[in-house]
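Fair warning: this is a prediction, and the values are worked out from it, not measured in the lab. Every heavy atom of this structure was used, including side-chain atoms; hydrogens, water molecules and symmetry mates were not. In what follows, chains are A, B, ... by sequence order, proteins preceding strands, each numbered from 1.
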Protein chains: 2
Amino acid sequence: MTQTHRLDDTTAPFMPGPRAAADDLMMSLGVRMTFAKDEEIYGQDEKADLIYRVISGAVRTTRVMSDGRRQIGGFYYPGEMFGVEASDHHRFSAEALSDGIILVVKASALRAVAGDEAFGRLTWTATNRELDRTQDHLLLLGRKTAAERVASFLMELADRRGAEAVTLPMGRQDMADYLGLTIETVSRMLTQLQSALVVEFLGSRIFKISNRCALARLAD
Amino acid sequence: MTQTHRLDDTTAPFMPGPRAAADDLMMSLGVRMTFAKDEEIYGQDEKADLIYRVISGAVRTTRVMSDGRRQIGGFYYPGEMFGVEASDHHRFSAEALSDGIILVVKASALRAVAGDEAFGRLTWTATNRELDRTQDHLLLLGRKTAAERVASFLMELADRRGAEAVTLPMGRQDMADYLGLTIETVSRMLTQLQSALVVEFLGSRIFKISNRCALARLAD
DNA sequence: CGACGCTTTGACAAACTTCAATCCCCGTGG
DNA sequence: CCACGGGGATTGAAGTTTGTCAAAGCGTCG
């Protein structure tokens with residue numbers, strides 16, 4: 001979807017475009033916390049009274065079944081909010097994909113300072129974007145083939161990060177758990193996309209889209 | 001919205017559970033409309049300025065890919081609200097599963113009468129439940145086997161309808177499109193559950209849970 | 001009764017997973 | 001500086017699950 005904020009891996013507080021007041025307040029009220037790779041930011045069923053925003057690094061939300069099967073609900077990149085689930089407890093856990101910095105704000109404090117209305121707009125927007133992405137994800141998992149899933153994933157990532165050469169902040173296992181596949185299938189689809197000259201990999205974690213139309217077509 | 005529906009002026013039917021003020025207002029402000037089986041209630045990308053509630057019958061929300069593959073986002077039963085997506089356009093279309101009556105309210109009118117706060121609570125709750133269900137659905141589609149998907153589906157339906165013998169308001173194709181399977185696989189899993197004496201079918205559209213624990217275990 | 005639509009069943013094919021081996025990148029230590 | 005080691009990624013072969021195609025069963029409604 002369209003980003004209201006430009007993404008920036010540096011900790012620069014600059015954000016082009018108009019910003020809501022609650023947004024600024026969040027930056028000034030919040031506490032910056034560092035997280036190591038794979039460190040848990042919050043756990044499933046934990047009380048959800050904090051709001052988070054990625055400053056640097058990236059985040060995944062996951063849910064795990066009793067036998068260890070894992071589903072990743074989403075990835076979050078610098079400038080994006082997460083953990084704003086409106087019920088009182090989290091339904092996914094959140095972990096850092098890499099070492100990074102997360103802005104943490106107490107929801108009640110933000111509400112008190114920003115006012116009900118601004119706070120409501122902020123959480124409403126976040127929840128809404130969340131629902132939107134989850135619904136796209138639903139179609140991907142329910143009805144797309146492995147090739148389409150991988151193509152969709154690369155496409156969305158490239159759109160969200162908006163760079164020429166995109167770095168994957170996650171390994172194959174995380175991609176697989178997001179796409180409902182295995183790492184082997186993900187790997188095979190990636191080589192397939194390279195053979196078709198649709199994307200080019202310059203290392204296992206960095207790629208460039210060679211043929212955007214073809215990729216869009218494959219993603220459907 | 002098409003203007004070809006006649007309004008139904010039957011008086012408010014039975015509604016289980018406690019109700020909020022905005023809830024009552026919705027019932028009195030809203031217009032009851034009848035829909036025929038498979039009739040569209042709203043379309044994808046249509047403007048979302050109305051709020052809906054099932055009075056009788058049932059509803060599905062669907063998204064269709066260009067080549068016809070279809071994903072059902074959810075089912076809605078009497079007493080449940082739908083169409084409260086917070087962005088300005090619907091991301092799924094909604095259709096009647098069977099002939100039925102839908103309460104339709106203009107969002108802005110409800111807000112004006114109920115007040116911002118009550119209205120906010122109502123839509124917040126609805127959106128939240130929606131996100132909750134969608135996230136469960138995500139895990140189902142991403143990581144569950146065909147047998148687990150069908151078991152989960154029967155389980156959830158039975159819980160939501162809360163009756164001894166539950167009637168399936170939809171055919172196999174709708175179940176398949178919700179579960180990310182084909183009708184044949186759904187059918188096979190259903191016969192498998194019957195052979196295992198977990199559920200009992202008294203016709204293709206009505207079932208009873210014979211062994212709740214076993215079903216819960218299979219659903220994971 | 002007969003036709004139609006939906007469901008079930010069977011045989012086969014395709015997609016994806018599993019298991020296992022190898023490769024490759026990258027950091028570490030000699 | 002280069003060899004070594006280790007973790008993640010890729011590839012291959014075989015297996016399993018699910019999809020496809022086709023036919024038969026079942027129920028309902030004229």
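Looking at residues 178-187 of chain B, you'll see Glu184(B), Ser187(B) sit with a heavy atom under 4.0 Å from some atom of DNA chain C. Shown for residues 191-207 of chain B: no residue has heavy atoms falling under 4.0 angstrom of DNA chain D.
Residues Glu130(B) and Leu131(A) form a side-chain contact, since some pair of their non-hydrogen atoms from C-beta on lies under 4.5 Å apart. Between Leu141(A) and Gln71(A), the closest side-chain pair of non-hydrogen atoms falls below 4.5 Å. Under the 4.5 Å side-chain criterion, counting only non-hydrogen atoms from C-beta, Trp124(A) is in contact with Thr127(B). No side-chain heavy atom of Arg60(A) sits under 4.5 Å from any side-chain heavy atom of Pro169(A). Annotation: side chain of Leu154(B) is not in contact with side chain of Ile209(B) (no heavy-atom distance under 4.5 Å). Here the side chains of Thr191(B) and Gln194(B) are in contact, with some heavy-atom distance below 4.5 Å.
Straight-line distance from the CE atom of Met189(B) to the C1' atom of dT7(C): 15 Å, rounded to whole Å. For the pair Arg188(A) CZ and dA20(C) P, the interatomic distance rounds to 15 Å; values are reported in whole Å.
Closest approach of Ser56(B) and Pro78(B) over heavy atoms only: CA-CG, 4.3 Å. Counting all heavy atoms, side chain and backbone alike, Asp220(B) lies closest to Ser66(A) at OD1-OG, 3.0 Å.
A perpendicular orientation is assigned to the rings of Phe153(A) and Phe75(A), their planes being inclined by more than 60° (bins at 30° and 60°). Between Tyr52(A) and Tyr42(A), the ring planes lie tilted relative to each other; the angle falls in the 30° to 60° range.
If you find the closest nucleotide of DNA chain D to Met170(A) and to Arg143(A), the one lying nearer the 5' end belongs to Met170(A).
Among pairs with a residue in residues 133-147 of chain B, those fulfilling side-chain hydrogen bond (donor to acceptor under 3.5 Å, both in side chains) read Arg63(A)-Asp136(B), Arg91(A)-Gln135(B), Asp177(A)-Arg143(B), Lys144(B)-Ser152(B), Thr145(B)-Glu148(B), at least two apart in sequence or across chains.
Listed by chain and number, the residues in a side-chain contact (heavy atoms from CB on, under 4.5 Å) with Asp67(B) are Met65(B), Arg69(B) (sequence neighbours excluded).
In 5' to 3' order, the nucleotides of DNA chain D bounding all contacts with chain A (an atom under 4.0 Å from a heavy atom) are dA9(D) to dA13(D).
Taking five base pairs at each end of the helix from dC1(C)-dG30(D) to dG30(C)-dC1(D), the local helix axes there meet at an angle of 20°, rounded to 10°.
Electrostatic pairing of Glu156(B) and Arg160(B) counts as a salt bridge here, judged by a charged N lying under 4.0 Å from a carboxylate O.
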